[in-house]
Structures are given as C-alpha cells and as structure tokens.
Amino acid sequence: MDKQLHQTLARYFGYHAFKEGQEDIIQSVLHQKDTVAMLPTGGGKSLCYQIPGYLTDGLVLIISPLLSLMEDQVERMKMRGEKRVAALNSTLSFREKQQIIRHLPSYKFLFVAPEALMSEVLLEQLKSMQIGLFVVDEAHCISEWGHDFRPEYSKLGEWREAFGHPVALALTATATKQTLIDTVQTLHLQHPEFHIHSVNRPNIALVKEVHDTKEAKEKRAIELADTLQGPGLIYCPTRQMTEDIAQLVKQQTHERVEFYHGGMDAGDRMLIQQQFINGQIDLICCTSAFGMGIDKSDIRFVIHMSPPQSIEAFMQEIGRAGRDGQASVSVLMYTEEDADIQRHLIQTEGFEDSELDFFLAQLKQMPTIDEKKLREQLMEAGLQETRARMLTHYYLMYQAGPSQLLRKEVKEKLQDRQTEKVRKVRQFQERIVDRSCFRQSLLSYFDEQLDQKESSSSQHCCSSCGLVLSEYEKKDQQLELNEMKHWKTVLDRMFHRTKEAQH
Ligand SMILES: Nc1ncnc2c1ncn2[C@@H]1O[C@H](COP(=O)(O)OP(=O)(O)OP(=O)(O)O)[C@@H](O)[C@H]1O
Ligand SMILES: [Mg+2]
Ligand SMILES: [Zn+2]
C-alpha cells in the first residue's frame with residue numbers, strides 16, 4: 001500500500017480505498033510505463049488519470065469521444081473544486097476556444113475530441129507545452145471497427161509523438177483482444193503494461209424479453225417505466241422513437257420524462273443531462289448519443305427497445321446502471337425482425353457502384369487534400385456525415401495509386417466495414433436467442449469465463465437463471481398498491497355489510 005497515493009485519494013476524492021485495479025494502473029503510469037487498462041463500466045477509470053495528474057508535472061491531455069461525456073467529466077471535476085480543467089469541443093464559440101487555447105498553460109486537465117486536434121493552432125500550442133500524460137478514454141473507439149467511424153483516432157499515435165512522446169494511458173470497459181491490439185498499434189505504445197479486468201457487472205441483473213411486434217414492445221416499455229424503480233433510461237434505435245416513447249410515457253404515467261438524441265441542440269442536450277443527474281428527471285428516452293462514460297450513480301434500470309448494434313455498445317449502455325453498487329436491472333426487448341432491420345440499416349450506409357463513382361469523381365476534382373475540407377464538401381454535395389467521413393478517409397489512403405485501383409481499394413474497405421458490422425450484429429443476435437446464461441454468453445465474447453464465486457446469485461443473474469423482475473419494482477408503488485388493496489378490502493367489507501344490512 002502506497003501512503004502517498006492513499007493520501008491523494010483521500011485528499012482530492014474523499015475515498016479511503018481503491019477500487020479493484022485502480023492502484024496498479026496508477027502505479028504503472030507513475031512509473032512512466034505506457035498502460036492499457038480495462039476496468040468495467042463504473043469501475044473508476046477517471047481516477048486513474050486524475051491521481052497521476054496531481055502527482056506529476058505537466059498537462060494531462062484527455063482524448064474523449066463524446067461531447068456529453070466531456071461535459072460530465074468537467075462538471076464533476078469542477079464540483080470537487082478543480083478549477084484548472086477545460087474541454088475543447090464543438091459547442092464552444094470561436095472566441096471561447098481561442099480563450100482556452102491562449103491560456104492553456106494555466107490548465108492541468110484538458111479534454112479534447114480527437115477532431116479538435118486537427119486544429120493547427122491547438123496542435124502548435126500543445127507542442128510547445130509539457131504534456132505529462134496522454135490519456136485516451138473510451139479507447140475502444142480507436143479501433144477502425146469501433147463504435148463510430150472516427151478517422152482522427154488513427155492519427156493519435158503521430159500526435160503523441162509530436163508532443164514529445166508523453167506516457168500514454170488507454171482506458172476502456174469494453175475491448176476485445178483485437179481492439180486491444182489495435183490500441184497498442186495506433187497509439188505506438190512500446191512494451192505497454194496491460195491491466196485487464198473483468199467486464200462483468202454483477203449488480204446489474206440481465207433480462208431478455210421477446211415480443212411479437214413493435215407495438216407490444218412499446219406497451220411493455222410504458223408498463224416497465226411505470227413499475228420499475230427509477231431513475232432509468234430507455235434506449236431507442238431511432239431519434240423519432242425516443243420522442244414517441246417519451247410522449248407515451250408522459251401521457252400514461254406520472255414519471256418525469258424527457259427525450260435525448262443527437263439531432264437536438266447541444267445546449268438542450270446538456271440541460272437534460274444535467275437535470276437527470278440532479279434528479280429533476282426520472283427517465284430519459286435516448287439514442288446511443290447518450291451514455292458512454294456518463295456517471296450518474298443511482299440509475300436503477302436500463303431498457304433497450306431493441307438490441308444495439310454490438311455487444312460492446314450494449315455493455316456500455318447497461319453500464320450506466322448501478323454505479324453506486326446497488327442492485328439494478330437491464331431489460332433487453334427484441335422481436336425476431338430486429339436483426340434484419342439492423343442489417344438493412346447497415347446496408348444503407350454502403351454505396352451503390354454508381355454513387356461511389358460519382359463521389360470519387362467529385363473528390364478528384366477538389367483541389368485540396370485537407371481531410372476536413374474534403375469531407376465538408378462531400379456533405380455539401382449531399383452525403384451524410386459518417387459516409388462522408390469514411391469515403392474521404394479511404395480516398396486519401398489510396399489516392400496515390402492508379403485510379404482503377406483506387407476505386408477497387410475504397411470499395412473493398414467499405415465492404416469490409418459492412419461485413420464487420422453485420423458480423424457484430426450476428427454475434428449479438430446469437431447470444432440473444434441462446435437460452436443458456438445470458439451473462440456468461442456476453443462474457444464469452446470478451447474471452448471471459450463467469451467466475452462462479454463472484455457471480456451474482458442466480459436469482460439476480462439473468463432471465464435464463466431464474467431472475468425475479470418484481471424485486472426491481474418501485475417500493476413506494478408497492479406500498480401504494482398494498483394500501484389500495486387494503487382500502488379495497490375495507491370497501492368490500494363495508495359494501496358487504498351494507499348489503500347485509502339491506503337484507
Ligand atoms: N476508489 C474509489 N472509491 C469509491 N468510489 C470511487 C472510487 N474510484 C471511483 N469511484 C467512483 O466510481 C464512479 C465511477 O467512476 P468513473 O466514472 O471513473 O468510472 P469509469 O470506469 O470511467 O466508467 P465508464 O466505463 O462507464 O466510463 C464515480 O462516481 C467515482 O467517483
Ligand atoms: Mg469513464
Ligand atoms: Zn445467468
């Protein structure tokens with residue numbers, strides 16, 4: 001036990017013991033070793049860069065994928081009294097960004113989206129500073145097949161070198177072996193230390209429910225929202241559905257509900273997230289735009305209207321629940337058509353031959369090779385953002401070769417990507433229809449065996465192991481129900497008596 005570490009833990013965070021894995025990860029970083037760490041959702045990964053930050057010189061640069069996540073982290077650190085923290089992201093005005101960049105030396109912790117590092121001004125300023133620690137949070141996003149297509153992640157290794165090769169720390173809750181390998185390569189890590197822990201979250205009970213129709217799922221979602229102990233999240237596959245379900249829940253229950261998706265104004269999104277964290281909202285109907293990394297301690301249930309596109313995404317999303325360690329539940333609803341719908345969605349991300357030719361021709365005519373500008377021009381030509389990102393990226397990768405080859409290579413890359421996505425959907429689907437223990441089945445995807453000693457008792461494990469969902473219902477509702485029953489009995493008796501009296 002390291003006294004200095006424990007003092008820092010107590011002084012800055014008010015905790016008296018490390019959670020599993022934290023101390024070793026921190027030690028590894030403090031010994032200047034590049035470190036790859038996997039701790040479960042809610043396992044306390046943020047502390048693994050914050051404590052080294054307090055104990056070493058230089059800026060802690062944290063690469064973080066989502067706006068909502070950055071805001072949550074910055075808020076939390078500020079609430080604990082840390083003033084030297086900022087996030088550079090797309091919600092800031094040009095002037096606000098300039099302000100932060102100009103005053104960089106006065107910050108200790110800086111959160112940035114990888115896209116923000118495309119800015120020359122920021123890169124130059126960072127190069128001139130001492131960076132003590134280079135953190136990649138949610139490092140599974142690094143993988144080319146990661147949760148969304150983010151070409152800037154592939155440049156992180158170069159950027160790190162440009163910053164004078166600071167110690168790197170890659171953090172994730174959901175990486176397969178392949179993703180870990182991608183991480184090491186992309187970040188140019190040399191002889192990293194690996195600290196890999198279980199992805200299991202024993203306090204989250206796992207329920208699967210098969211339904212016949214979308215309407216049946218909606219009806220069930222409202223019932224669950226009404227009866228399960230909150231606060232809760234309902235993950236929906238589309239933006240429209242988040243609005244529809246929120247509306248239905250509002251009409252039919254007493255829950256305070258809002259919806260949240262990527263099509264909303266960033267200010268509105270932040271407001272809703274904050275109100276939820278403060279307990280002014282009981283339930284959020286959201287798309288996958290909400291979630292990863294968000295730390296609200298007392299979320300009691302997470303409902304999925306249909307399976308997300310990968311096991312990693314599912315583990316991330318249910319991982320919002322039970323971060324206080326208390327019993328929580330995940331309910332995954334599905335119909336037999338869900339996987340087909342997903343496959344169809346993935347197909348629409350691809351390109352028809354003629355379309356591919358058209359956009360490649362457009363790219364060739366553009367005078368610049370600036371990735372961002374090319375992408376913007378493609379979007380102006382009518383291409384949706386993710387597709388524009390993919391196409392530009394692969395175009396730049398292969399543009400040096402002859403044009404026939406370029407077309408072939410780009411096409412192959414795009415197809416590989418679709419195949420991989422479809423594979424992920426299938427891998428999840430197989431586990432959903434499987435009747436054995438769902439928890440074990442999910443863990444096997446990460447090459448992990450369920451540790452019997454540590455596993456939750458079967459009645460809190462999963463619906464295949466005999467879980468009792470009623471244990472997760474509202475307690476006060478239970479009381480109300482009981483009270484109603486009580487009054488019903490009283491009324492029945494009175495009624496009975498009156499009837500008797502009439503006779
Ligand atoms: N040593 C500790 N003792 C008690 N609580 C802790 C400790 N370390 C972290 N926590 C708390 O655990 C919660 C989860 O931490 P954190 O958000 O860092 O998790 P995470 O591993 O990043 O999860 P995710 O993968 O979902 O991002 C936070 O509220 C944090 O304050
Ligand atoms: Mg986190
Ligand atoms: Zn089970």
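All ligand and atom numbering here is 1-based and tracks the order in the structure. Predicted model only: the values in this text are computed from it and were never measured. Reckoned from all heavy atoms, side chains included, excluding hydrogens, waters and symmetry mates.
Residue H16 places no heavy atom under 4.0 Å from ligand 1. In this structure, R76 counts as a contact residue of ligand 1, since one of its heavy atoms falls inside 4.0 Å of the ligand. The closest approach between any non-hydrogen atom of G43 and ligand 1 is below 4.0 Å. For the ligand labelled ligand 1, residue L47 lies inside the 4.0 Å heavy-atom shell. Contact between G42 and ligand 1 is present, with at least one heavy atom of the residue lying under 4.0 Å from the ligand. In this structure, Q316 does not count as a contact residue of ligand 1, since none of its heavy atoms falls inside 4.0 Å of the ligand.
Within the 4.0 Å heavy-atom criterion, the part of F18 lying near ligand 1 is the backbone and not the side chain. Counting heavy atoms closer than 4.0 Å to ligand 1, residue P40 contributes backbone atoms (N, CA, C, O) but none from C-beta onward. At a 4.0 Å heavy-atom cut-off, ligand 1 touches A173 through the side chain alone.
The closest non-hydrogen atom to atom 13 (C) of ligand 1, taken over L9, D295, D137, D324, comes from D295.
The angle subtended at the Zn ion (ligand 3) by SG of C462 and SG of C437 is 110°, given to the nearest 10°.
Side chains of W159 and L126 form no contact here, defined as non-hydrogen atoms less than 4.5 Å apart.
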